[in-house]
Engineer: 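The structure's right below; bear with me while I get my questions together.
Atoms within a ligand are numbered from 1 in the order they appear, just like the ligands themselves.
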Amino acid sequence: MTMTPQEEDELENEEDDLRDMLITDQDQLDLEPVEFEQVQIPVPILPKVEEPLKAKGGKKIDNPPEDRLVVAVRLRPHDDRKDARRSVYALDDKTVVVREKDNVRTDILRQKRVSDRQYEFDLVLDEDANQEEVYEGTTRALVEKVVRGGNATVLAYGATGAGKTYTMVGTAEEPGVMVRALDDLFKEAAVLDGETAAEKFPEEKDGSESDLSSSPLSRRRKKPSPAPKRQVTMSYLEVYNEKIKDLLNPSAQQLELREDSSGGVRVSGLSEVFAQSTEEVLKLLQRGNKARSVEPTAANKTSSRSHAMLQVSVVGNGEPEGRLLMVDLAGSERASQTQNRGKRLQEGAHINLSLLALGNCITALARGGDVRHINFRDSKLTRLLKGALTGGGSKLSCVMIAHVAPGSVHREESRTTLLYAERAARISLAAAQNSRPAGYMAAQATIRAEKKRLRAEIEMMRARLDVERSNSDEVIPSNNNNSNNIPTPRIHHQSHHPVMIRNQPRMMHMQQVPNDELSDIKEQILASFRDQMRARRRLLEVDSQLLGLGMLSDRYNLTLRRWETKHGQLYKAARLGRSAKKSLTDPEDSDYTTQLEEEAQQAWRELCRIEREQEHLNAVRADAQNDLEKSRQRANILEQELSKRVGSEWGERELLALICRVHELELERLEAHGAALAREHELRRRQSALRRHERQRQLCDQIITQQRQLIEEKSLSLPDDLEELYSEYLREVQTSSFNAREPEIETPGTAFRLNLPPIFTADYGQHLEPDPLIRQNPSNRGFIVSPVSSPMTVQSHQHYAPRKPRVQRTYRVSNKNKREPDIYQISTPGSLSQAMHLMASSPRGQHMSMSPLPPIKLPTSAKSHQHTAFGHPPPCPPKPSRLPRPVATHGGRSRRNSLMPRSLSDEDLRD
Ligand SMILES: Nc1ncnc2c1ncn2[C@@H]1O[C@H](COP(=O)(O)OP(=O)(O)OP(=O)(O)O)[C@@H](O)[C@H]1O
């Protein structure tokens with residue numbers, strides 16, 4: 001879908017507003033803003049609003065769909081005394097309108113905003129809607145699902161003071177959704193228990209029971225069931241300033257989130273209580289609400305400063321556990337509006353940031369993003385809601401109730417809320433539940449659809465053949481290999497020849513049919529089938545290519561995700577925004593940042609290329625689809641013509657059998673293609689999982705290496721078990737990486753017993769040179785010296801030759817034992833740890849402790865090729881045969897810096 005410039009402008013404005021509203025004083029709080037990504041928002045044409053509109057209430061969302069997030073909007077009562085004008089109206093039970101300020105219409109510079117904006121939702125509840133109507137309209141239908149083992153979520157969203165807590169908690173006289181839902185859960189559970197009991201013990205219904213009301217509830221009342229009952233448990237927590245508090249046990253310590261192996265999140269230590277009755281639940285809720293962080297603000301006298309989550313589970317009676325999550329989100333707020341200062345302002349910033357994180361997830365989900373790549377980790381709120389927004393692998397119903405205050409002073413907040421809700425309405429829960437990439441699903445869907453169509457056609461032809469056969473005494477032999485038992489004629493491959501079937505007398509009969517006519521139609525039909533096949537194959541090929549591109553883009557998206565996680569903003573936004581104007585790379589950046597930046601830029605370029613390619617392939621696909629449809633229609637017309645023109649039943653039957661066979665073969669081919677696609681997809685998926693594990697392993701190695709260096713630097717002693725663990729780790733690495741060609745290298749276990757050894761990475765065996773060049777530079781006597789406790793200092797660089805798969809590292813070593821320190825340079829294609837290993841394994845080196853220095857500043861031109869030895873592994877590891885190259889020097893001096901060394905002789909090391 002492309003947007004007009006006007007629509008783009010409008011979208012830009014809306015997103016700016018959204019951002020402006022949700023981000024409070026970032027500088028003051030030193031919190032990084034989260035950028036919104038551009039999304040396409042359709043701008044509907046607004047019917048003229050002449051009069052304040054009469055809004056509707058009391059409607060309900062029938063049968064809330066499980067495949068997408070359902071959004072309802074509730075308008076809170078408008079207070080005419082405080083604000084005479086309204087800006088939001090409910091047009092009908094599905095539409096809300098935000099009216100622009102009157103003076104905006106005359107403002108030429110803001111022309112793009114002059115039109116009023118109309119928003120469509122699943123349900124709109126105006127200010128006349130009472131608590132019961134809201135509950136009935138949004139949540140009632142979910143309760144039954146939950147009792148039967150389903151999962152459902154209700155989210156209350158809106159600006160501060162818009163009425164979220166009123167809807168969810170309510171008052172004693174007008175209880176809200178939470179209380180009503182629990183009340184109904186108890187009732188439903190009792191009804192179902194009664195039904196189950198009646199099914200299990202039917203005799204109890206006989207006799208005196210016969211006059212009872214047929215209502216299951218009354219049966220349950222009159223005859224208590226001996227069957228096991230469903231039980232309702234509840235837990236209630238709040239997320240306040242990124243801290244989780246148990247509202248049913250407020251004195252408990254702050255709670256932590258734990259992730260299980262399947263990626264699900266749970267709150268460890270959260271109390272879960274069994275509730276027996278609505279009264280009991282009310283008491284528990286009241287107790288929890290008292291413990292909730294509520295403070296008066298300028299916008300709301302009882303402003304909830306936290307997100308509250310009530311989770312109710314129904315267990316027992318052999319049904320799977322049903323769960324209903326009800327969330328009263330804290331209200332988004334503008335710092336200017338609330339006039340908050342200090343603690344309140346900081347609370348507001350936390351609230352806004354978590355809501356922004358939720359907004360980002362919603363945007364990504366609404367765009368159909370792969371769940372695996374959506375960043376739910378940005379806030380506790382999004383981590384807790386991940387399952388609710390993605391289904392967590394099970395069927396889910398999710399309703400968002402967006403709250404809006406209709407007064408004109410709240411216009412901007414209302415617009416933001418509706419924009420947010422509109423985006424949420426696009427979340428497809430079915431897509432989100434599916435962790436498979438869209439490309440694969442699309443390819444398999446095409447195959448499925450084609451197979452279905454072919455099967456239907458085969459069926460149809462078989463039916464026609466049966467009819468024809470019953471009219472004749474002819475028996476067409478069937479092919480035993482034919483899985484569909486379609487009568488199969490023996491076919492001559494030259495299609496213009498009449499088809500041969502076994503029965504000779506009938507052959508004689510067939511030859512009496514005007515052959516030219518028959519052949520001509522047959523030719524045309526076969527040609528149209530050939531066209532169909534060609535178009536279908538092109539379609540499948542394109543799908544396959546799109547699938548490949550999809551997987552590739554997943555890979556590059558992963559890189560961007562890393563960048564985004566590091567910078568806390570979307571890469572696209574950063575590129576398009578201010579920061580991109582100067583440059584994404586900064587000369588002050590660390591090597592890791594620079595490398596990540598380069599990788600992200602590369603990934604971005606690739607993604608742009610992939611997008612172009614995808615566009616092209618989609619056009620090809622559309623053509624192929626078109627061709628397929630056309631040739632199908634042609635074949636239909638020809639078939640009809642055949643029935644009319646071919647007088648011989650034989651001719652038609654023969655042709656039908658032939659087409660049947662062609663279809664059947666095509667069906668088999670499609671099945672094979674589908675299976676191959678599934679295999680290919682599985683292979684790619686595993687490769688991608690392997691890549692992820694490899695990346696995790698590399699990160700672990702880096703972390704361990706740096707930690708070991710820190711331990712050495714600070715001369716820390718370690719507990720025995722940790723030491724043992726580390727030795728085991730080294731043994732593991734060694735076993736998997738030592739090269740049998742290098743028997744002279746001592747095992748780390750013996751060489752490093754005295755000094756805590758640095759890590760060497762898994763590429764040790766491949767890169768290590770048995771005899772590295774070691775040189776000393778006498779001209780740099782003033783080189784940095786290490787602390788007294790660690791007389792030898794090693795500093796390292798990896799020099800990457802651009803576009804060459806060769807890496808050369810240079811290590812500088814200073815020895816403070818002598819009066820004037822010597823500077824050595826060790827050049828080896830191995831890692832620093834390998835160089836240190838060599839040093840340590842020499843008689844003198846064993847008594848030295850080594851530690852790295854901060855990176856040496858290199859000239860900017862060389863910067864992009866510089867990496868610390870502890871940074872990422874080389875992008876293209878060198879082949880062993882090409883490795884033994886010392887760093888490039890000019891007469892013993894490095895081109896890159898002047899610390900150029902003479903050779904460190906054996907004597908130096910021998911001491
Ligand atoms: N539909 C309604 N009918 C009657 N009163 C309402 C309604 N909605 C809100 N109110 C009243 O408005 C005030 C603010 O509502 P509420 O506390 O529910 O807002 P909120 O959205 O939860 O705000 P915050 O995010 O700051 O907690 C309350 O006094 C509440 O009783």
Engineer: Going by atom types only, do Gln118 and Thr95 share a side-chain donor-acceptor pair under 3.5 Å?
Structural biologist: no

Engineer: Regarding Arg180 and Thr139, do their side chains bring together a donor and an acceptor under 3.5 Å, going by distance alone?
Structural biologist: no

Engineer: Which option out of Gly170, Ala162, Gly331, Gly161 puts a heavy atom nearest to atom 23 (O) of ligand 1?
Structural biologist: Gly161

Engineer: Flag Arg76 as yes when one of its N or O atoms lies below 3.5 Å from any N or O atom of ligand 1, and as no otherwise.
Structural biologist: yes

Engineer: Answer yes or no for Ala159: is there a heavy-atom contact with ligand 1 below 4.0 Å?
Structural biologist: yes

Engineer: Which residues satisfy the salt bridge (Lys or Arg N to Asp or Glu O under 4.0 Å) test with Arg383, sequence neighbours excluded?
Structural biologist: Glu259

Engineer: Applying salt bridge (charged side-chain N to carboxylate O under 4.0 Å, His left out), which residue pairs with at least one partner in residues 240-255 are found, sequence neighbours left out?
Structural biologist: Glu238-Lys245

Engineer: Does Glu127 come within less than 4.0 angstrom of ligand 1, counting non-hydrogen atoms of the residue?
Structural biologist: no

Engineer: Are Lys145 and Glu188 ion-paired here, with the side-chain N under 4.0 Å from a carboxylate O?
Structural biologist: no

Engineer: Consider every N or O of Pro77 and every N or O of ligand 1, then say whether any pair is closer than 3.5 Å.
Structural biologist: no

